[in-house]
Amino acid sequence: MNEVLLITVLVLLAIFGVAFFLMYHHYQKRLKRELTRAQKSEQLKTVFIDNISHTLRSPLNAILGFSNLILEDEHETMPLEQVKETACSIKQNTEELLSFVSKLYELSKFQGITPSFTFIEVNLSELMASYRREALNITKPDVLVRVTTDLSPHCKVWLDTNFMHQLMMHILTNAANHISEGDIIIRYTNERRGLKVSVTYIGIGQAEVIGADIYSFLQKEDALKHVNESSVLGLSLCKAIVEVLGGEFYMDTEYDKKTVASFWFPCKMRDTKKENRAFDID
């Protein structure tokens, strides 16, 4: 009897020990993840402060200089054409500055804390069709945007439409900036109990920026110019959004310059496969 009791106690201790070890390991991983997030948040704050005196200084000085040029024209002798050129310069510098600050703010929401998602059920076919229409507004005249899938047009998915829109438009904007003719193809399917989307086009896609050190990039003296001319912040945001959702984001540029930007994240989907053939969405 004593032996049975001893074995029972030992088994219970072993179970307790395993449970304690698993819990310890789980919370250690969570602690490490939160510590990494906090460090990234601190890095982003440092980057922002550094750029106030470097990257942001040039457009702010330009805006101030052009504004003073107009205000100091006491006798209003400045030709109308020069006034228009000055106003255009102010507008351009303001837009560049606003774009940079907006993207930096968006990135900070994902690097510092876990954002709050609002998941709703939407028709996936209709959602992708809306992204196609928006993409057509930013592409060149000789570029077609197509959507293809093997899922039912009645397929429903649970996701945060705001973050999904943000994610898709950064990818599609990157594609639109790097293709002058041909097709941009949006494909989506159900994979590994989640949603997989890929955007394919013929053009250079800056796949190398995905693995780049975004903080070192932002601290460069000409960071604002490069950020607004490239997709480095937009693609970094895509990666951050997908990773927060527990998914994967990757890009691949082949030797023939075909670029594929893909992402996957777990989500609830229903009414997925009703037919065995793929269809295109017009």
query: Is it the case that S152 and D271 place a side-chain donor and acceptor less than 3.5 Å from each other?
result: no

Nearest-0.5 Å distance that lies between atom SG in C267 and atom CG in L195: 5.0 Å

P266 side chain reached by R193 side chain, heavy atoms, under 4.5 Å: no

query: Can V244 be reached from F163 by stepping across I, L, V, M, F, W or Y side chains whose heavy atoms are under 4.5 Å apart?
result: yes

- request: Take R187 and T200 through the test side-chain contact (heavy atoms from CB on, under 4.5 Å) and record every step on the way to the result.
  value: CA-CA 8 Å; R187 290 188 179 90; T200 305; 3.7 Å; yes

field: Within-4.5 Å side-chain heavy-atom neighbours: R192 and E248
entry: yes

- prompt: Where do M269 and C155 come nearest, in terms of heavy atoms and distance?
  reply: CE-SG, 3.8 Å

task: Check for a donor-acceptor pair, side chain of N174 on one end and backbone N or O of H170 on the other, with a separation under 3.5 Å.
output: no

query: With side chains defined as the heavy atoms from C-beta onward, is the minimum distance between L124 and Y188 less than 4.5 Å?
result: yes

message: Any non-hydrogen side-chain atom of I186 less than 4.5 Å from a side-chain atom of M128?
response: yes

- prompt: If you group Ile, Leu, Val, Met, Phe, Trp and Tyr by side-chain heavy-atom gaps below 4.5 Å, do V147 and L127 land in one group?
  reply: yes

field: Distance in Å, D150 CG paired with T272 OG1, rounded so as to fall on 0.5 Å steps
entry: 8.5 Å

message: What I'd like to find out is whether the side chain of L172 reaches to under 4.5 Å of the side chain of E134, using heavy atoms alone.
response: no

task: Go through the steps for T259 and H178 under the test side-chain contact (heavy atoms from CB on, under 4.5 Å), then give the verdict.
output: CA-CA 10 Å; T259 295; H178 292 92; over 6 Å; no

query: How many angstroms lie between atom CG of L151 and atom OG of S125, to the nearest 0.5 angstrom?
result: 9.5 Å

message: Once side chain to side chain donor-acceptor pair (under 3.5 Å) is applied, what residue pairs with a partner in residues 260-269 remain, sequence neighbours excluded?
response: none

statement: dist K239:NZ -> F249:CZ (nearest 0.5 Å) comes out at 9.5 Å

query: Y131 and W158: same hydrophobic cluster, using ILVMFWY side-chain contacts below 4.5 Å?
result: yes

Test side-chain contact (heavy atoms from CB on, under 4.5 Å) applied to M169 and I138, step by step: CA-CA 10 Å; M169 293 316 298; I138 58 175; 4.2 Å; yes

- prompt: Hey, any chance L136 and V143 share a hydrophobic cluster, counting ILVMFWY side chains that come within less than 4.5 Å of each other, even indirectly?
  reply: yes

- request: Could you check I241 against Q166 for side-chain contact (heavy atoms from CB on, under 4.5 Å), going step by step and ending with a plain yes or no?
  value: CA-CA 9 Å; I241 292 171; Q166 192 177 14; 3.8 Å; yes

query: Within a strict 4.5 Å, meaning less than it, do heavy atoms of the T139 and I179 side chains meet?
result: no

message: Can you tell me how far apart CE (M168) and CZ (R132) are? Round to the nearest 0.5 Å.
response: 12.5 Å

message: Just checking K91: does its NZ atom have more than 12 heavy atoms from other residues, nucleotides or ligands closer to it than 6.0 angstrom?
response: no

message: Rounded to the nearest 0.5 Å, what separates atom CG in D160 from atom CG in L245?
response: 8.0 Å

Parallel, tilted or perpendicular: ring planes of F265 versus F263, cut at 30 and 60 degrees: parallel

message: Grouping I, L, V, M, F, W and Y whenever their side-chain heavy atoms are under 4.5 Å apart, do M164 and V122 come out in a common cluster?
response: yes

query: Between K156 and H154, is there a donor-acceptor pair closer than 3.5 Å when you use the side chain of the first and the backbone of the second?
result: yes

